[in-house]
Novice: 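Okay, handing you the structure first.
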Amino acid sequence: MNSRRKFLQKLTTAAIAIQFSPDIIAASYKNVYNEPYDGPVLRVAIMGLGSYANRVAEAMRDCKKAKVVSVISGTPSKIKDWQSRFNIPEKNCYTYDNFDQIKDNPDIDAVYVITPNALHRSQVIRVAKAGKHAICEKPMAINAAEGQQMIDACKKANVKLLVGYRMHFEPKTLEIIRMRNNGEMGKILFFQGWCGFAIGDPTQWRLNKQLSGGGSIMDIGIYAINGARYMVGEEPIWVTATETKTNKEIFKEGVDETIQFQFGFASGAVASCLSTYAMNNLDRFFLNGEKGYAEMQPSTGYGPIQGRTFKGELTQPHVTHQTVQMDEMASIIFENKQPIVPINGEEALKDLKIIDAIYLAVKTGGKVKLKL
Ligand code: NDP
């Protein structure tokens, strides 16, 4: 058997293992990573060379199936810096004005949009029109209507739309999901998600509604929204929410500081969550079922994630989230692999529908029904 076939066989074994044991996912990654890889490599253009783009690109140095080959940026000095750091040829460097030309560049497979939230919609639509796969950071857009337009554009162009939900590949998270699916926690009754940090610099784009589309809910509360869905394993059917604003200078109209929100699920389970830009040390999930519980703290940071269940400590090894995410995205694009928790546009649209409903619930003070 040639080495490529052997490798693919190991990868398939790893993929099967992922479905059953997050312990094995990390071990399999290690084994697979120690072997040379000669399969297809996803050639990625990074758009928006800011703080998170740097983290993603550095993590991608360890990817087997994905590689940074191109940049799209409004800052010439950053383009130069990235060219030398990642060995990017001049012909693969673009600005926001001219990046539609990637349609004529056969050396780029996908564009990863890592810009302020309100820019995602138009940028992803342009990527799709250029015939390239679109990877977009969370939140995919600033409301559900925009999210739907992005899905439609990618469908029309026959390209994939994937969203940077890195927790969907995190081994301890997947172990809790496995235990829940296996019935080990019994009927799920309650989820609690606290997500927040003190925002700092009042001039940053995250506090400018034109660029952020909102406040803490868009940026950090979305982890509790998405987490409630993948932890409970069900879609919420209603939401209630209240907002607290202690500083109207920093958190202007339309930029939420702290929102508490609650979900109800058809099974009778409930969730209680907090999203804030005003407090540190809030990165905690708690899931309770009839037969057992799971808790994680930190639950969605860059890791190592820590947690335990009623059976003891979660011991799955730490993996660099963005490395695994990008290799998995390559498999989704090339092999149509189906992740345990989806990361496609439709998945992201559900979070946007919930965000729309949370803002409506804050405004009306009532219970808003959800149809996801
Ligand atoms: P940064 O401010 O650090 O970077 C954003 C970059 O976007 C800028 O450096 C700039 O790059 C580009 N940009 C284009 N237009 C503008 C504009 N009008 N104002 C400001 N920047 C602009 O933000 P982050 O990297 O922290 O966040 C970017 C996206 O990534 C957001 O959607 C955020 O939610 C998401 N994110 C996701 C995380 C995750 O864990 N999944 C973590 C952190 C962020 P250039 O100069 O090259 O044009």
Side-chain angles (χ1 to χ4, degrees), residues 45-60 68 70-83 85-86 88 93-99 111-124 126-127 134-143 146-147 150 162-170 173 195-197 199-227 255 275 277 283 298-303 305 319-326 328-329 341 343 347-348 351-352 355:
I46 303 278
M47 182 188 297
L49 309 180
S51 143
Y52 193 61
N54 266 282
R55 184 177 287 274
V56 167
E58 287 301 332
M60 284 178 70
V68 178
S70 162
V71 286
I72 301 164
S73 168
T75 312
S77 59
K78 289 188 197 169
I79 295 182
K80 283 267 162 294
D81 173 47
W82 278 58
Q83 275 193 273
R85 280 166 59 205
F86 297 100
I88 296 168
C93 297
Y94 297 90
T95 66
Y96 299 112
D97 291 332
N98 69 13
F99 79 81
V111 178
Y112 195 161
V113 174
I114 318 186
T115 54
N117 312 337
L119 308 178
H120 294 175
R121 183 196 71 92
S122 64
Q123 290 167 339
V124 162
R126 284 171 67 187
V127 167
I135 302 172
C136 183
E137 255 319 312
K138 44 58 56 179
M140 181 169 80
I142 57 170
N143 57 49
E146 288 199 353
M150 295 158 80
L162 304 178
V163 178
Y165 286 120
R166 60 187 163 76
M167 300 314 296
H168 293 197
F169 306 106
E170 196 283 315
T173 304
C195 294
F197 62 95
I199 184 82
D201 179 9
T203 64
Q204 64 187 288
W205 67 259
R206 282 181 167 77
L207 296 170
N208 172 353
K209 177 148 161 77
Q210 296 304 317
L211 288 170
S212 62
S216 77
I217 277 281
M218 283 282 169
D219 189 42
I220 190 75
I222 191 169
Y223 286 96
I225 294 169
N226 193 249
V255 179
S275 165
Y277 267 161
D283 183 2
S299 55
T300 66
Y302 299 133
I305 300 300
V319 292
T320 302
H321 299 174
Q322 296 81 7
T323 309
V324 177
Q325 173 201 310
M326 293 310 295
E328 289 291 309
M329 283 182 165
V341 188
I343 56 160
E347 164 77 8
D351 286 346
L352 295 175
I355 289 175

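Whatever order the structure lists ligands and atoms in, that order sets their numbers, starting from 1.
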Novice: Between the candidates T95, V71, I114, which shows the shortest non-hydrogen contact distance to atom 5 (C) of ligand 1?
Specialist: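 Closest candidate by heavy-atom distance is I114.
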Novice: Identify the protein heavy atom lying closest to atom 8 (C) of ligand 1, giving its residue, its atom name and the separation to 0.1 Å.
Specialist: K78 NZ, 4.0 Å
Novice: Quick check: do I343 and E328 have side-chain heavy atoms less than 4.5 Å from each other?
Specialist: no
Novice: Out of all atoms in ligand 1, which are within 4.0 Å of some heavy atom of S73? Include the element for each.
Specialist: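 By the 4.0 Å cutoff, the relevant atoms are 45 (P), 46 (O), 47 (O), 48 (O).
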Novice: For residues Y94 and I79, report the shortest heavy-atom separation together with the two atoms involved.
Specialist: O-CD1, 3.9 Å
Novice: For ligand 1, is any non-hydrogen atom under 4.0 Å from Y223's backbone (N, CA, C, O), its side chain (CB onward), both, or neither?
Specialist: side chain
Novice: So which heavy atom on Y223 is nearest to which on C195, and how close?
Specialist: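 Closest pair (atom of Y223, atom of C195, distance): CB-SG, 3.8 Å.
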Novice: Looking at atom 4 (O) of ligand 1, what's its closest protein heavy atom, distance included?
Specialist: G50 CA, 3.2 Å
Novice: Taking distance alone, with no angle check, do L49 and ligand 1 share an N/O pair under 3.5 Å?
Specialist: yes
Novice: Does one side chain, of D283 or S299, offer a donor that lies under 3.5 Å from an acceptor on the other?
Specialist: yes
Novice: Give me the nearest non-hydrogen protein atom to atom 18 (N) of ligand 1 as residue plus atom name, then the distance to 0.1 Å.
Specialist: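 Protein heavy atom with the smallest distance to atom 18 (N) of ligand 1: L211 CD2, 3.8 Å.
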Novice: P139 versus ligand 1: do any nitrogen or oxygen atoms come within less than 3.5 Å of each other?
Specialist: no
Novice: When you compare ligand 1 with T75, is there at least one nitrogen or oxygen pair between them that comes in under 3.5 angstrom?
Specialist: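 Yes: some nitrogen or oxygen of T75 is under 3.5 Å from one in ligand 1.
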Novice: Compute the minimum heavy-atom distance from R206 to ligand 1 and say whether it is under 4.0 Å.
Specialist: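 So R206 counts as touching ligand 1.
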Novice: If you measure from each non-hydrogen atom of Y52 to ligand 1, which part falls under 4.0 Å: side chain, backbone, both or neither?
Specialist: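 Both the backbone and the side chain of Y52 come within reach of ligand 1.
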Novice: If you count the atoms of ligand 1 from 1 in the order shown, which ones are under 4.0 Å from a heavy atom of K138?
Specialist: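 Checking each atom against K138, I get 32 (O), 33 (C), 34 (O), 35 (C), 37 (C), 41 (N).
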Novice: Any luck finding a side-chain donor-acceptor pair between Y165 and Q325 under 3.5 Å?
Specialist: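 Short answer, no.
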Novice: Identify, by atom number and element, the atoms of ligand 1 in contact range of G74, meaning under 4.0 Å from any of its heavy atoms.
Specialist: 45 (P), 47 (O), 48 (O)
Novice: As an exercise, identify every atom of ligand 1 less than 4.0 angstrom from a heavy atom of H120.
Specialist: 32 (O)
Novice: Within ligand 1, which atoms have a heavy atom of S51 less than 4.0 Å away?
Specialist: 1 (P), 3 (O), 4 (O), 25 (O)
Novice: Looking only at heavy atoms, is any part of R166 under 4.0 Å from ligand 1, and if so is it the side chain, the backbone, or both, or is it neither?
Specialist: side chain
Novice: Tell me, do M326 and I135 make a side-chain contact under 4.5 Å, heavy atoms counted?
Specialist: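 Sidechains of I135 and M326: in contact.
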Novice: Measuring only between side-chain heavy atoms, which start at C-beta, is E347 closer than 4.5 Å to H168?
Specialist: yes
Novice: What protein heavy atom is closest to atom 7 (O) of ligand 1, reported as residue, atom name and distance in Å?
Specialist: P116 CD, 3.4 Å
Novice: Side chains of Y96 and T115: closer than 4.5 Å at any heavy-atom pair?
Specialist: yes
Novice: Only heavy atoms of G48, strictly under 4.0 Å: list the atoms of ligand 1 that pass.
Specialist: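 Under 4.0 Å from G48, ligand 1 has these atoms: 7 (O), 11 (O), 12 (C), 47 (O).
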Novice: Between D97 and R126, which heavy-atom pair has the shortest distance, and what is it?
Specialist: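 Heavy atoms of D97 and R126 come nearest at O-NH2, 3.8 Å.
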Novice: Which is closest to atom 12 (C) of ligand 1 by heavy-atom distance: Y96, W205, Y112, W82?
Specialist: Y96
Novice: Please examine the side chains of I222 and I355, heavy atoms only from C-beta on, and report whether any two atoms are closer than 4.5 Å.
Specialist: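 A side-chain contact exists here, since the closest heavy-atom pair is under 4.5 Å.
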Novice: Determine the minimum heavy-atom distance between V163 and A348, stating which atoms define it.
Specialist: CG2-CB, 3.7 Å
Novice: Can you pull out the closest protein heavy atom to atom 32 (O) of ligand 1? Residue, atom name and distance to 0.1 Å, please.
Specialist: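 Closest protein heavy atom to atom 32 (O) of ligand 1: N117 OD1, 2.8 Å.
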Novice: Identify which of T115, L119, N208, D219 has a heavy atom lying nearest to atom 15 (N) of ligand 1.
Specialist: L119
Novice: Measure from NZ or CZ of R206 to the centre of the six-membered ring of Y277, then state whether that distance is under 6.0 Å and the direction lies within 45° of the axis.
Specialist: no
Novice: Is the shortest side-chain heavy-atom distance between N226 and M167 below 4.5 Å?
Specialist: no
Novice: Go through the structure and list residues passing salt bridge (Lys or Arg N to Asp or Glu O under 4.0 Å) with R85, not counting sequence neighbours.
Specialist: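 For R85, the residues satisfying salt bridge (Lys or Arg N to Asp or Glu O under 4.0 Å) (neighbours in sequence not counted) are E58, D81.
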Novice: Less than 4.0 Å is my threshold; does some heavy atom of Y302 fall inside it relative to ligand 1?
Specialist: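 The answer is yes, since Y302 has a heavy atom less than 4.0 Å from ligand 1.
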Novice: How far is atom 30 (O) of ligand 1 from its nearest protein heavy atom, and which residue and atom is that?
Specialist: E137 CG, 3.4 Å
